[in-house]
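Any value given below was found using the heavy atoms of this structure, including those in side chains, with hydrogens, waters and symmetry copies removed. The structure displayed is predicted, hence computed values, not measured ones. Here, residue 1 is the first one in the sequence, and each next residue gets the next number.
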Amino acid sequence: MTLKITPTITSASTAASETILCGDCCEILASLPDKSVDLVFADPPYNLQLGGDLHRPDNSKVDAVDDHWDQFDSFAAYDRFTHDWLTACRRVLKDDGALWVIGSYHNIFRVGAKVQDLGFWMLNDVVWRKTNPMPNFKGTRFTNAHETLIWAAKSKTARYTFNYDALKVFNDDVQMRSDWTLPLCTGEERMKDGDGAKAHPTQKPEALLHRVILASTKPGDVVLDPFFGVGTTGAAAKRLGRRFIGIEREPDYVEVAKRRIAEVIQTPPSQLAVTGSKKSEPRIPFGMILEAGLLHPGDELYCPKGKRSAQVRADGSLTAGDLTGSIHKLGALMEQAPACNGWTYWHMKTDRGLAPIDALRAKIRAGLI
């Protein structure tokens, strides 16, 4: 493994599989090649605007985020900072790449406005619901139990990566929703400094980055994190077989990130493939089912409940009374619907009852016929 701490990258090939750059994110981003990264994940300063110390009911002090890197003179200064780093990230992002930004109510709406102003196309906002949020000790507001992630493509027409089917399998065959319930980073996952205290006040759980990277990248893609912190993005990227570039201005965080990532074990390449989308599979015309001898002219096909039927014709069309058409057109006519997926609508009789004809298409795709 080669971890780099250097102020510049002069070409796309210089960005190795694991690269950490120490310095100001905008200055370093200016040295990266145009359109050289596949995904940007950004966890920028939240500009929390804390006013004084916060204490628990037992009068113990809360270790709040009061670091200098989270302090800005005004909203205008924060907006300029947001505009600058987003602009720099947009330049290095590939045209079919995507952007994820996480924030709280303190900053996410200002960041979201800049994202749209710069031409990104909003795809979703995702709510990270924390199972173990910090209580509101003063009792003056709701417990702040979530953060918001913005997912955006570089443009409205961008062909961004979205591993929909993989996420559905990941979620027990249920479509992945835009509200994610995950715990805060605690216990052994929380990185410590030399004194045993938490190394970074806002370290994100690796489970969150696992889901983001799994959703919107492919093995070998380059993930850029301009606010690398203690390396959560790098750890998740390495584990999933993605390359990464992390930029961090605080040398102490860089050292922690280096040690952390050195201990990460990458998933074997043979296990990195994910469930693919049916849209990406080769097209199989219905006529090929007849050519393969899996169905024959005159065979009867049925609607899902078996109440309506149609006969297969030699050219791959179906007929039902006076109605004729392709498997899709006739299915739509039978249901009086604007469209129909004939592969899942039409069923054939088997020893176990009705089964969709899509099973025959799957056999051809798998090379079983």
On the six-membered ring of Y78, is R110 placed so that its NZ or CZ lies under 6.0 angstrom from the centre and within 45° of the ring axis?
no

From CD1 (I28) to CG (L224), nearest 0.5 Å
10.5 Å

Hydrophobic cluster membership, L294 vs L354, 4.5 Å side-chain cutoff
no

Tell me whether I289 shares a hydrophobic cluster with L330, the cluster being built from Ile, Leu, Val, Met, Phe, Trp, Tyr side chains joined at under 4.5 Å.
yes

Is the number of heavy atoms from other residues, nucleotides or ligands under 6.0 Å of K35 NZ greater than 12?
no

Heavy atoms of R313 and L290 approach each other most closely as O-CD2, 3.3 Å

Looking at T161, N163, D38, which one forms a side-chain hydrogen bond (donor to acceptor under 3.5 Å, both in side chains) with K218?
T161

If we ignore hydrogens and angles and just use 3.5 Å, is the side chain of R365 paired with the main-chain N or O of P282 as donor and acceptor?
yes

The single option from R159, K154, K156 passing salt bridge (Lys or Arg N to Asp or Glu O under 4.0 Å) against D95
K154

Does any N or O in the side chain of S309 come within less than 3.5 Å of the main-chain N or O of Y302, such that one atom is a donor and the other an acceptor?
no

When every non-hydrogen atom of T143 is compared with those of M134, the smallest separation belongs to CG2-O, 3.4 Å

Heavy atoms of other groups near K329 NZ, more than 12 under 6.0 Å:
no

Run R239 and Q266 through side-chain contact (heavy atoms from CB on, under 4.5 Å) and show every step you take.
CA-CA 4 Å; R239 209 177 301 279; Q266 180 177 322; over 6 Å; no

Kindly say whether S317 contributes a backbone atom to a donor-acceptor pair with the side chain of D315 at under 3.5 angstrom?
yes

On a heavy-atom basis, the closest approach of S216 and L39 is OG-CD1, 3.7 Å

Do V127 and I150 share a hydrophobic cluster, counting only Ile, Leu, Val, Met, Phe, Trp and Tyr and linking them when any side-chain heavy atoms are less than 4.5 Å apart?
no

Ionic contact status for K168 with D165, cut-off 4.0 Å
no

Would you say K238's side chain and V264's backbone share a donor-acceptor pair under 3.5 angstrom?
yes

Just wondering, are more than 12 heavy atoms of other shown residues or ligands nearer than 6.0 Å to NZ in K192?
yes

Is there a path of hydrophobic side-chain contacts, each under 4.5 Å between heavy atoms of I, L, V, M, F, W or Y residues, that connects F109 with L118?
yes

Would the distance check show the side chain of D225 and the main-chain N or O of F227 forming a donor-acceptor pair, the cut-off being under 3.5 Å?
yes

Once you round to the nearest 0.5 Å, how far does CH2 of W85 lie from NZ of K114?
12.0 Å

Are the ring centres of W121 and Y160 closer than 6.0 Å?
no

Are M176 and F41 connected in the hydrophobic side-chain network, where two residues link if heavy atoms are under 4.5 Å apart?
yes

Is there a donor-acceptor pair under 3.5 Å between the side chain of W346 and the backbone N or O of I327?
yes

D24 and R249 ion-paired at < 4.0 Å
no

I need the minimum non-hydrogen distance between K198 and R190, along with the two atoms involved.
CB-CD, 3.7 Å

Look at the side chain of R260 and the backbone N and O of V230, then say whether any donor-acceptor pair between them is shorter than 3.5 Å.
yes

What is the distance from atom CE of M334 to atom OH of Y345, rounded to the nearest 0.5 Å?
5.0 Å

For Q203 and C185, indicate whether the former's side chain and the latter's backbone hold a donor-acceptor pair under 3.5 Å.
no

Please check if atom CZ in R177 has more than 12 non-hydrogen atoms from other residues, nucleotides or ligands closer than 6.0 Å.
no

Assign the ring pair W100 / W151 to parallel, tilted or perpendicular, where the plane angle (0 to 90°) is split at 30° and 60°.
parallel

Backbone N or O of V111 within a donor-acceptor pair of the N107 side chain at under 3.5 Å?
no

Flag if over 12 foreign heavy atoms under 6.0 Å of CG, D73
no

Measure across L240 and L272 and return the closest heavy-atom pair with its distance rounded to 0.1 Å.
O-CD2, 3.2 Å

So, does R242 use its side chain to make a donor-acceptor pair with the main chain of T217 at under 3.5 Å?
yes

Begin with the C-alpha distance, continue with both residues' side-chain angles, and end with the deciding distance and a verdict on side-chain contact (heavy atoms from CB on, under 4.5 Å) for F170 and L214.
CA-CA 10 Å; F170 183 86; L214 180 68; 3.8 Å; yes

Looking only at side-chain N and O atoms, does S104 offer a donor or acceptor that is under 3.5 Å from a partner on H106?
yes

What are the two closest non-hydrogen atoms of A42 and P226, and how far apart are they?
CB-CG, 4.0 Å

Regarding T19 and R243, do their side chains bring together a donor and an acceptor under 3.5 Å, going by distance alone?
no

Test: R90 cationic atom under 6.0 Å from F120 six-membered ring centre, within 45° of axis:
yes

